Amino acid sequence: MADWHQDYERRYKELKQKGKSFFPYAVFKDCLVAFLLFGLLAFLAWKLGAHLESLADPTDTSYNPRPEWYFLFLFQALKAFPGSLESVAAVVLPGAVFAALFFLPLFDRGHKRHPLDRPFLTGLGVLAIAGVTALTVEGYRSPLVNPVVEKNPEVVEGARLYRQLNCAYCHKIRGKGGVVGPQLDRVVGAESPEWLERHFRDPSAVTPHSAMPRLGLLDDEIKALTAYLKSIANEPFTQEAPKLFAENCAVCHKIRGQGGEVGPDLSTIGSARDKSFIVRYIEDPAKTNPKSGMPAFRGQLTDLQIEDLARYLSSLGR
Amino acid sequence: MKRRCRAVGEWLRRRTGCDRVWETLFARHIPEAEGPTAWLYTLGSATLFIFVVQAVTGALLAMNYVPSPDHAYDSVRFINEKVLCGSFIHGLHHFGASFMVVLVVLHMLRVYFMGAYKYPREGTWMVGVVLLLVVIGFGFTGYLLPWDQKAYWATMVGTNIAGQTPFVGPLVSKILKGGGEMGASTLTRFYALHVLVLPAVVLLLIGIHLFLVVWHGISEPPERARRRGEGNPLG
């Protein structure tokens, strides 16, 4: 097996002597390629830049996580392995590929180097490239898991202010924050925007003996904070909503153990979907999910009833 | 003047051996590659070049970046909006990361299809595979640093995937996140990995990789193997 090693060394020495000097012949090519690459890189950096999305929000479970594009094929491959098999695709398989690559020279020890003389490994390599390319393209085309929620810029600014002013020292939103003030997601829904604005200007004017300090905010900042708080609040629903659910939905859907088995359990639906998504879904499920077996309720229920039902459902699990 | 220059050169040569270093690194002969094949041999040095770009832009970014959840996002916004050429430097670093991955993979494919990992260059290849892993590690840890939605949720998915490793998964996930949940300690850990640990590892490995490349000489373009008894058995 190893008898070709010495022959190889002899032949390599010959080739080396016949060859040219590394400098300047190869160095020139290297520099030219580096120069062109930097030109392309600078063009991309200048034209596109590094886009920054809105601030990380650990409570926003409707966000569609997307990996960097070169991990997309792995992300896509994961979808083919359901449930407990996911760990196979996520860890075991890539681990095995890397181990195989690492030990490749110890397995493939023959003297043949030309790709056409090694049809098995060449074929494997071409297959791998094709597979990764196909998965990446498929990953780009596949629909997002969650609906894209268009964010109101005022709400985003309000969220930033909420953080900057350290409101969470005293207030809780979705279980996170202090205990001095009221839990905002529970109480804000009942108040009008005008009330909130007056409250931000001077808390004790609308709530006598309030322990909250006057914050001395600008009008824009008050508008933004109000918009943010309105966006996180559970909008009030009537007592009709649970009855509507029992009459129309409970045949197929469960809430806290009560209801049918045909459709998914909706006990925590509010943590995954927002109200506008639920409204759209109730009105006509096929538009959002073509595979859904659920009937459309537009026409069956009034718009007001659907809104009421959606407010009720979006409050579940929050 | 000329004589003084020569004297300075001689002084340096005696003390550093720079002429021999030059001979070993640059004046060495390499097997000739013809036509387009010759350009495939530039992929390795191109990767090294982009690595230098990443190191320089990375150092510049680190001057204004704050690795804490309270300030990370605002400091990146500050870089993008206020720092002189900040958005350009951030852009270079951002796209440079993609370039790195693409070039490393292309470089590896070149070596794979040419069978250049064979005797006597097995070690060079193995160090190269580890380098690919380190580059992926750079990409993964760097992705979190801007602390925007994309960063947070992609890292959440990534650490959850790591957590699914049989047996050691939960422990790995806990070490990566610095606890049960993603937060301040996750960000500082990823930052330390990205700017301290991985650069040290990558420099060491690049050193070994380059040493081996020069030591064994760059591989020659492969030729078709000939049938037994027909001239050179090696091809």
Side-chain angles (χ1 to χ4, degrees), chain A residues 4-5 7-8 11-12 15-23 26-27 29-30 33-34 37-38 41-42 44-46 48-50 52-58 60 63 65-70 86-87 90-92 98 101-102 104-106 108-109 111-118 122 125 129, chain B residues 26-32 38-39 41-42 45-46 49-50 53 73 76-77 80 87-88 90-92 94-96 98-99 101 109 112-115 117-119 122 125-126 129 133 139 143 146-154 156-157 161 164-166 217 220 222-225 232-234:
Chain A
W4 59 270
H5 286 181
D7 292 333
Y8 174 78
R11 180 160 161 71
Y12 184 75
L15 283 169
K16 211 169 148 175
Q17 269 158 5
K18 273 197 285 180
K20 285 176 176 164
S21 168
F22 179 68
F23 180 87
V27 172
K29 288 195 181 75
D30 289 340
V33 168
L37 273 177
F38 189 77
L41 185 57
L44 287 172
W46 176 51
L48 301 176
L52 200 56
E53 288 187 357
S54 56
L55 175 75
D57 176 6
D60 179 7
Y63 186 78
R66 281 251 158 156
E68 187 66 315
W69 65 268
Y70 43 81
E86 207 174 69
S87 74
V91 182
V92 180
F98 265 103
L101 277 175
F102 185 81
L104 174 67
L106 303 188
D108 179 31
R109 299 193 295 189
H111 66 269
K112 291 174 180 163
R113 285 173 193 248
H114 198 279
L116 296 178
D117 291 327
R118 303 178 298 136
T122 303
I129 294 174
Chain B
F26 291 101
R28 66 195 158 100
H29 273 224
I30 52 168
E32 188 153 9
W39 293 95
Y41 284 85
T42 61
S45 76
F49 170 71
I50 299 294
V53 172
Y73 181 78
V76 176
R77 238 172 61 157
N80 276 358
S87 86
F88 180 64
H90 186 189
L92 284 180
H94 173 82
F95 285 103
S98 288
F99 275 45
V101 174
L109 288 175
Y112 177 88
F113 283 114
M114 284 191 177
Y117 51 81
K118 297 192 167 197
Y119 175 86
E122 294 96 331
W125 165 271
M126 286 170 156
V129 172
L133 270 180
Y143 206 58
W147 203 253
D148 59 355
Q149 285 280 68
K150 188 174 60 176
Y152 183 90
W153 290 104
M156 182 71 101
V157 172
I161 286 174
Q164 288 179 349
T165 320
E220 76 286 3
E223 289 166 26
R224 288 304 299 267
N232 193 320
L234 296 173

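Reminder, nothing fancy here: chain letters follow the sequence lines and each chain counts from 1. Side chains included, hydrogens not; waters and symmetry mates left out as well; all remaining heavy atoms used. This structure is a prediction, so every number in the text was calculated from the model and none was measured.
- Counting only heavy atoms from C-beta outward, the side chains of A:Lys16 and B:Ile30 never approach each other to under 4.5 Å.
- Of the residues considered (B:Ser98, B:Ala38, B:Gly96), B:Ser98 shows the highest number of contacts with chain A, using heavy-atom pairs under 4.5 Å.
- Side chains of A:Val33 and B:Phe49 form no contact here, defined as non-hydrogen atoms less than 4.5 Å apart.
- In terms of non-hydrogen atom pairs under 4.5 Å with chain A, the most contact-rich of B:Tyr119, B:Tyr112, B:Trp39, B:Phe99 is B:Tyr119.
- For B:Trp147, the parts sitting under 4.5 Å from any heavy atom of chain A are the backbone and the side chain alike.
- Taking CG of A:Asp57 as the start and CD of B:Gln149 as the end, the distance is 5.5 Å to the nearest 0.5 Å.
- Side-chain atoms of A:Asp7 and A:Tyr12, non-hydrogen and from C-beta on, never get closer than 4.5 Å to each other.
- Using a 4.0 Å cut-off between charged nitrogen and carboxylate oxygen, A:Arg11 and B:Glu223 count as a salt-bridge pair.
- Using cut-offs of 30° and 60° for the angle between ring planes, the B:Phe26 and A:Phe23 rings count as perpendicular.
- Both the backbone and the side chain of B:Met126 have a heavy atom closer than 4.5 Å to some heavy atom of chain A.
- Options B:Met114, B:Arg77, B:Lys118 differ in how many heavy-atom pairs under 4.5 Å they form with chain A, and the most are formed by B:Lys118.
- By number of non-hydrogen pairs under 4.5 angstrom with chain B, the leading residue of A:Lys18, A:Lys20, A:Gln17 is A:Lys20.
- For A:Tyr70, the part lying near chain B is the side chain, with the backbone staying farther off; criterion is any non-hydrogen pair under 4.5 Å.
- Of all the listed residues (A:Leu15, A:Val91, A:Leu41), the one sharing the greatest number of non-hydrogen pairs under 4.5 Å with chain B is A:Leu41.
- Options B:Leu92, B:Val76, B:Val157 differ in how many heavy-atom pairs under 4.5 Å they form with chain A, and the most are formed by B:Leu92.
- With chain A as the partner, the residue from B:Leu133, B:Val53, B:Asn80 showing the most heavy-atom pairs under 4.5 Å is B:Leu133.
- Looking at residues two or more places apart in sequence or on another chain, you find a side chain to side chain contact (heavy atoms under 4.5 Å, CB included) between B:Tyr143 and A:Glu68, B:Lys150, B:Ala154.
- Heavy atoms closer than 4.5 Å to chain B are found in both the backbone and the side chain of A:Phe102.
- You'll find the side chain of A:Ile129 reaches within 4.5 Å of the side chain of B:Leu109, heavy atoms only.
- No donor-acceptor distance shorter than 3.5 angstrom exists from the side chain of A:His111 to the backbone of A:Trp4, with no hydrogens or angles considered.
- Chosen from B:Tyr73, B:Tyr41, B:Tyr152, the residue pairing most often with chain A at heavy-atom distances under 4.5 Å is B:Tyr73.
- Note: A:Asp30 leads A:Asp30, A:Leu37, A:Thr122, A:Leu48 in heavy-atom pairs under 4.5 Å with chain B.
- Here A:Ala56 is the residue among A:Ala90, A:Ala56, A:Ala26, A:Pro67 with the most heavy-atom pairs under 4.5 Å with chain B.
- Between A:Arg113 and B:Glu220 there is a side-chain heavy-atom pair separated by less than 4.5 Å.
- Ranked by heavy-atom pairs under 4.5 Å with chain B, the first of A:Pro115, A:Gly49, A:Gly125, A:Ala45 is A:Ala45.
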